[in-house]
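In what follows, chains are A, B, ... by sequence order, proteins preceding strands, each numbered from 1.
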2 protein chains.
Amino acid sequence: MRNNIHDCRGELNDVKLRATPARIAIMKYFEREDKPADVQMLIDYLKKQKINADPATIFRIVNTFTEKGLTRQISLNEGKYRYELADKHDHHHLICEACGNIEDMTDCNIDDLEKDIKKKKGFNVKSHSLEFFGICKSCQH
Amino acid sequence: MRNNIHDCRGELNDVKLRATPARIAIMKYFEREDKPADVQMLIDYLKKQKINADPATIFRIVNTFTEKGLTRQISLNEGKYRYELADKHDHHHLICEACGNIEDMTDCNIDDLEKDIKKKKGFNVKSHSLEFFGICKSCQH
DNA sequence: CAATAGATGCGATCAAATTGCAATAAGCAA
DNA sequence: TTGCTTATTGCAATTTGATCGCATCTATTG
């Protein structure tokens with residue numbers, strides 16, 4: 001089982017982090033789920049996997065992951081952070097104001113906008129965050 | 001001085017809110033400053049105006065303003081909320097990762113993107129939030 | 001398998017935000 | 001202007017998300 005190609009040890013080794021049960025499980029969560037997770041969701045998920053972890057540990061894990069560039073921290077106007085894999089580029093979030101569901105939207109192009117900003121303002125864009133709020137398909141009945 | 005056209009009483013009356021000193025000052029702040037404010041900035045501003053207000057009151061005021069549609073609550077990944085006038089449409093924020101300054105960017109067009117979302121996903125966009133992170137002109141030396 | 005540097009658990013703590021309740025003041029009618 | 005009514009505020013307590021210090025534990029390496 002050691003060094004199993006799907007157990008996320010590779011990703012953790014790459015950034016010089018020890019492969020602990022909680023870290024492996026959290027990496028797996030991010031690779032399987034397409035919704036950005038908050039800390040409570042990760043705690044619940046670990047519980048189901050029979051892995052006990054203190055909330056403080058989860059906070060430390062996602063912070064370490066974010067520092068190491070594995071994940072990205074985002075705010076969706078909820079008073080808490082969510083986390084998602086950092087290598088998900090150019091995708092944005094569709095947040096339903098009725099049911100709260102979060103859906104990914106890929107293949108967006110805002111390159112032109114970023115070039116515009118560079119030209120007009122001299123501001124050098126490193127990254128951006130774009131969220132759409134509205135009513136999702138299934139809530140429009 | 002009563003009902004002075006610039007003292008914001010009109011806006012407050014329109015949404016059936018009493019014109020208290022703190023509310024008037026906060027409305028004036030939003031009309032003069034173009035940066036979204038957090039609660040601490042509002043407290044500091046009120047202090048300068050010799051208006052004493054409890055933090056809890058400021059939180060209540062910005063929440064009420066947001067409920068009434070005067071202001072909008074936004075998160076810039078800082079672990080706290082900021083507020084800005086709700087009638088500032090189609091503008092986005094350029095956030096410098098070096099100095100923390102927040103600059104407005106107007107005249108952006110993402111209409112096409114919203115139409116795309118409606119077509120591809122059936123998601124009905126009501127509003128969006130777009131933040132650019134990078135290095136501002138004066139921090140590029 | 002032992003050594004050790006890194007990770008975790010636990011409790012305390014911090015900061016942002018909210019709430020209950022008594023005191024206060026804005027708006028309105030007389 | 002005065003007094004009434006009800007919205008608003010101040011204060012203290014509380015909630016929630018997040019962080020930290022430190023002793024203990026454990027993943028890695030030799």
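- In this structure, a donor-acceptor pair under 3.5 Å is present between the side chains of A:Glu131 and A:Ser129.
- For DNA chain C, none of the residues of residues 34-53 of chain B falls under the heavy-atom distance limit of 4.0 Å.
- DNA chain D lies under 4.0 Å from at least one heavy atom of each of the following residues of residues 67-84 of chain A: A:Gly79, A:Lys80, A:Tyr81.
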Q) Going through the checks in order, is the side chain to side chain contact (heavy atoms under 4.5 Å, CB included) test met by A:Phe132 and B:Leu130? A) CA-CA 9 Å; A:Phe132 294 95; B:Leu130 177 51; over 6 Å; no
Identify each donor-acceptor pair in which a side-chain atom of residues 54-73 of chain A lies under 3.5 Å from a protein atom, sequence neighbours left out, and give them as a table.
unit_1	atom_1	unit_2	atom_2	d
A:Asp54	OD2	A:Ala56	N	3.0
A:Asn63	ND2	A:Phe59	O	3.4
A:Thr64	OG1	A:Arg60	O	2.6
A:Thr66	OG1	A:Val62	O	2.8
A:Thr66	OG1	A:Thr71	OG1	3.0
A:Thr71	OG1	A:Thr66	N	3.2
A:Arg72	NH1	A:Glu84	OE2	2.8
A:Arg72	NH1	A:Lys88	O	3.3
A:Arg72	NH2	A:Ala86	O	2.5
A:Arg72	NH2	A:Lys88	O	3.3
A:Gln73	NE2	A:Tyr83	OH	3.4

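- Taking A:Lys35 as the reference, A:Asn101 meet the side-chain contact (heavy atoms from CB on, under 4.5 Å) condition, with sequence neighbours excluded.
- Residue pairs that meet the ring-ring contact (aromatic ring centres under 6.0 Å, His included) test with at least one member in residues 91-119 of chain B, sequence neighbours left out, are B:His91-B:His93, B:His92-B:His128.
- Taken together through direct or relayed side-chain contacts under 4.5 Å among Ile, Leu, Val, Met, Phe, Trp and Tyr, A:Ile51 and A:Leu12 form part of one hydrophobic cluster.
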Q: Run the numbers on A:Ile110 and B:Leu113 for side chain to side chain contact (heavy atoms under 4.5 Å, CB included), then give the verdict.
A: CA-CA 9 Å; A:Ile110 57 169; B:Leu113 213 50; 4.0 Å; yes
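- Between B:Ser75 and B:Arg82 there is no side-chain heavy-atom pair separated by less than 4.5 Å.
- A close approach under 4.0 Å does not occur between any side-chain nitrogen or oxygen of B:Asn63 and OP1 or OP2 of C:dA17.
- Around NZ of A:Lys137, the count of heavy atoms belonging to other residues, nucleotides or ligands within 6.0 Å does not exceed 12.
- Contact check on B:Lys121 versus A:Glu103 returns a salt bridge, with a Lys/Arg side-chain nitrogen under 4.0 Å from an Asp/Glu carboxylate oxygen.
- Heavy-atom contacts of chain A under 4.0 Å fall on DNA chain D between two terminal nucleotides, which in 5' to 3' order are D:dG17 to D:dT28.
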Q.
Output one letter per nucleotide in nucleotides 25-30 of chain C: B when a protein non-hydrogen atom lies under 4.0 Å from the base, S when only the sugar-phosphate is that close, - when neither is.
A. BBS---
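- Side chains of A:Lys120 and B:Met105 form a contact here, defined as non-hydrogen atoms less than 4.5 Å apart.
- Listed by chain and number, the hydrophobic cluster partners of A:Ile135 come to none, as no ILVMFWY side chain reaches under 4.5 Å of it.
- Atom NZ of A:Lys126 is surrounded by 12 or fewer heavy atoms from other residues, nucleotides or ligands within 6.0 Å.
- A:Tyr81 and B:Ile95 fall into different hydrophobic clusters, where Ile, Leu, Val, Met, Phe, Trp and Tyr are joined by side-chain heavy atoms under 4.5 Å apart, directly or via other members.
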Side-chain donor-acceptor distances from residues 41-50 of chain A under 3.5 Å, at least two apart:
unit_1	atom_1	unit_2	atom_2	d
A:Asp44	OD1	A:Gln40	NE2	3.0

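- Each end of the helix from C:dC1-D:dG30 to C:dA30-D:dT1 yields a helix axis from five base pairs, and these two axes differ in direction by 30° (to the nearest 10 degrees).
- Looking only at side-chain heavy atoms (C-beta outward), B:Phe133 and B:Leu94 stay at 4.5 Å or farther from each other.
- In this structure A:Lys115 satisfies the side-chain contact (heavy atoms from CB on, under 4.5 Å) test together with A:Asp112, sequence neighbours excluded.
- Listed in residue order, the members of residues 55-62 of chain B having a heavy atom less than 4.0 Å from DNA chain C are B:Ala56, B:Phe59, B:Arg60.
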